[in-house]
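A short worksheet on the structure shown next.
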There are 2 protein chains.
Amino acid sequence: MSPRNDEPRGIPAPTLRRFPAYLSQLFRLQEEGRDVVSSTHLGKRLMLDPVQVRKDLECTGLVGRPKVGHSVPKLIEAIESILGWNRVNEAFLVGAGNLGAALLGYPRFKQSGLDIVAAFDEAPEKVGSEIHGKTVLPLKKLANLTRRMGVKVGIIAVPADHAQAVADLMVEAGILAIWNFAPVTLRVPEEVIVQTEDLYSGLAILTQKLAVRLREEPSKGVRHAHE
Amino acid sequence: MSPRNDEPRGIPAPTLRRFPAYLSQLFRLQEEGRDVVSSTHLGKRLMLDPVQVRKDLECTGLVGRPKVGHSVPKLIEAIESILGWNRVNEAFLVGAGNLGAALLGYPRFKQSGLDIVAAFDEAPEKVGSEIHGKTVLPLKKLANLTRRMGVKVGIIAVPADHAQAVADLMVEAGILAIWNFAPVTLRVPEEVIVQTEDLYSGLAILTQKLAVRLREEPSKGVRHAHE
DNA sequence: TAGATTGTTAATCGATTAACAATC
DNA sequence: TAGATTGTTAATCGATTAACAATC
């Protein structure tokens, strides 16, 4: 046994990545009026091995009851607490292009610990407009506003060749965590948290698998025009 | 030694995910006129351990020359071939909302094995419009066109509660690979490739780290208004 | 040559999977 | 009670990291 197993630290990244999916199922279960759930059932809904579900839930520090399962509301509370989704971090987004607009319109960020309060852009024609109710401000104002409002999270949705400059700006202004959507390796001081979402990584997996499939069974690739 | 180490199969997913970043650096090196590169140098640019770079490059089947390094163009060719980025797969996108529009506008998909040729949407007001030069067609036409054109890749950019229905439609129409941007677990026949990009997973990592940081050193979270 | 860089082989680390006794 | 489900401990698997001889 570890000295303190109620510590919220040391949870494996793969487990953290699965937590949002657990949460979303737990909310559904709650709506269905169910108060408890077993690892087996949760696993079926998410196509995960029940043993893995149990291991993941173990990280919450909660104990389930044999033959019964886990308390749905308690699991929700515990997971939200671990992820920090029981509070809301204000965030600034830089880059009011297509991707930026999509992020501003994302539905459930506020329930996931993130409140994008404003967007910033260099382009004069975008400045002053509103996207999904969020004002687009001139990039110049980023540093000042970040400091004044104590904003801790920055989101980068600019082209790859501008990303590092924006990151530097954010760090300089005191941002603690950067959610980066540009496919670049950002250089930041080690105390700054960076989470990069790189679409090309996922695309690489997809196209590689497809290439293997098409190479192995070329027939499968060619579909007949009329069934 | 394995029976055949020139097989393109069996490359670890983490390596595949890193390949696009290697590629992008390799292109930059090429532009800079460099013909060879060492693992050390590549590693520095991407903040990766040189040993890991070597292991990754080993997967290409290429051999480098001691004291010199690897041939840049050969590496590019090999990695593109493994990822299937030396050919282009036509893809249909479903969901012409914010996210869909962002994907339609993504700059380098065509150089990454993916050509989104059309978008589909249920909403009559969107149908007929053009987004980034791509026509938005009625969802009804998806199945028919997929079969007729032999399109093999489908992209799902609809809200979570519609995703499974769209996936079913795609599978029925003969789609072989699905790039899914809805945060749901899709049920598809096992021969269909699914790659889900779930923003909430990444967000979970970010907010959890931030929560830990703020809990450990609360002072760091509060910045002074005037440095 | 000497030294940088390689490919290979072994050690470490961490997550998943399996096995099983405990319990409601 | 019997059986489902739990938590825990051990085995497996896979990726990263380390060590080192080979080579240009």
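Each chain gets a letter, A, B and so on, in the order the sequences are listed, and its residues count up from 1.
Between B:Tyr200 and A:Trp85, the ring planes are perpendicular. Angles over 60° get that label, and only those under 30° would be called parallel.
Residue B:Leu62 is classed as a sugar-phosphate contact, given heavy-atom separations below 4.0 Å to backbone atoms only. Residue contacts shown for A:Thr15 are absent, as no nucleic acid heavy atom lies under 4.0 Å away.
Rounded to whole Å, atom P of C:dT17 lies 9 Å from atom CZ of A:Arg18. Between B:Asp56 atom CG and D:dG14 atom C1' the separation is 14 Å, expressed in whole Å. Atom CG in A:Leu48 sits about 13 Å away from atom C1' in C:dT17, given to the nearest Å. What separates CG of B:Leu57 from P of C:dT5 is a distance of 14 Å, to the nearest Å. Straight-line distance from the CG atom of B:Leu16 to the P atom of D:dA15: 10 Å, rounded to whole Å. Between B:Leu75 atom CG and C:dG7 atom P the separation is 10 Å, expressed in whole Å. As a whole-Å value, the separation of B:His41 NE2 from C:dT6 P is 12 Å. Straight-line distance from the NZ atom of B:Lys44 to the C1' atom of C:dA4: 12 Å, rounded to whole Å.
Between the side chains of B:Asp168 and B:Gln164, at least one donor-acceptor pair of N or O atoms lies under 3.5 Å. Judged by distance alone, the side chains of A:Glu32 and A:Gln30 never bring a donor and an acceptor atom under 3.5 Å apart.
When each of C:dT16, C:dC24, C:dA18 is scored by its nearest atom to the side-chain atoms of A:Lys67, the top-ranked nucleotide is C:dC24. Side chain of A:Val51, nearest nucleotide from D:dT17, C:dA18, C:dA15: C:dA18. Across D:dT6, C:dT6, C:dT17, the shortest atom-to-atom separation from the side chain of A:Pro66 is found for D:dT6. Of the candidates C:dA15, D:dT6, C:dA4, the closest approach to any side-chain atom of A:Pro14 belongs to C:dA15. The side chain of A:Asp49 lies closest to C:dT17, out of D:dC24, D:dT17, C:dT17. Side chain of B:His70, nearest nucleotide from C:dC24, C:dT17, C:dT6: C:dT6. Taking only side-chain atoms of A:Val63, from C-beta outward, the nucleotide of D:dG7, C:dT6, C:dA4 with the closest atom is D:dG7.
Below the 3.5 angstrom threshold, one finds a donor paired with an acceptor across the side chain of A:Lys55 and the base of D:dT9.
How far CD of B:Glu31 is from CG of B:Leu26: 11.5 Å, rounded to the nearest 0.5 Å.
When both distances must be under 3.5 Å, the Watson-Crick or G-U wobble mate of C:dG7 is D:dC20.
Distances shorter than 4.0 Å separate none of the side-chain N or O atoms of B:Arg54 from OP1 or OP2 on D:dC20. Proximity of B:Ser38 to the phosphate of C:dA4: no side-chain N or O atom is located under 4.0 Å from OP1 or OP2. For B:Thr40 and C:dA4, the shortest distance from a side-chain N or O to OP1 or OP2 is not below 4.0 Å. Side-chain nitrogen and oxygen atoms of A:Arg65 include none within less than 4.0 Å of the OP1 or OP2 phosphate oxygen of D:dT6.
Ranked by how close their nearest DNA chain C nucleotide is to the 5' end, B:Gly69 and A:Ala13 are led by B:Gly69.
In this structure, A:His162 places its NE2 atom where only 12 or fewer heavy-atom neighbours from other residues, nucleotides or ligands lie under 6.0 Å away.
Among the candidates B:Val94, B:Leu139, B:Leu93, the single residue satisfying the side chain to side chain contact (heavy atoms under 4.5 Å, CB included) test with B:Val158 is B:Val94.
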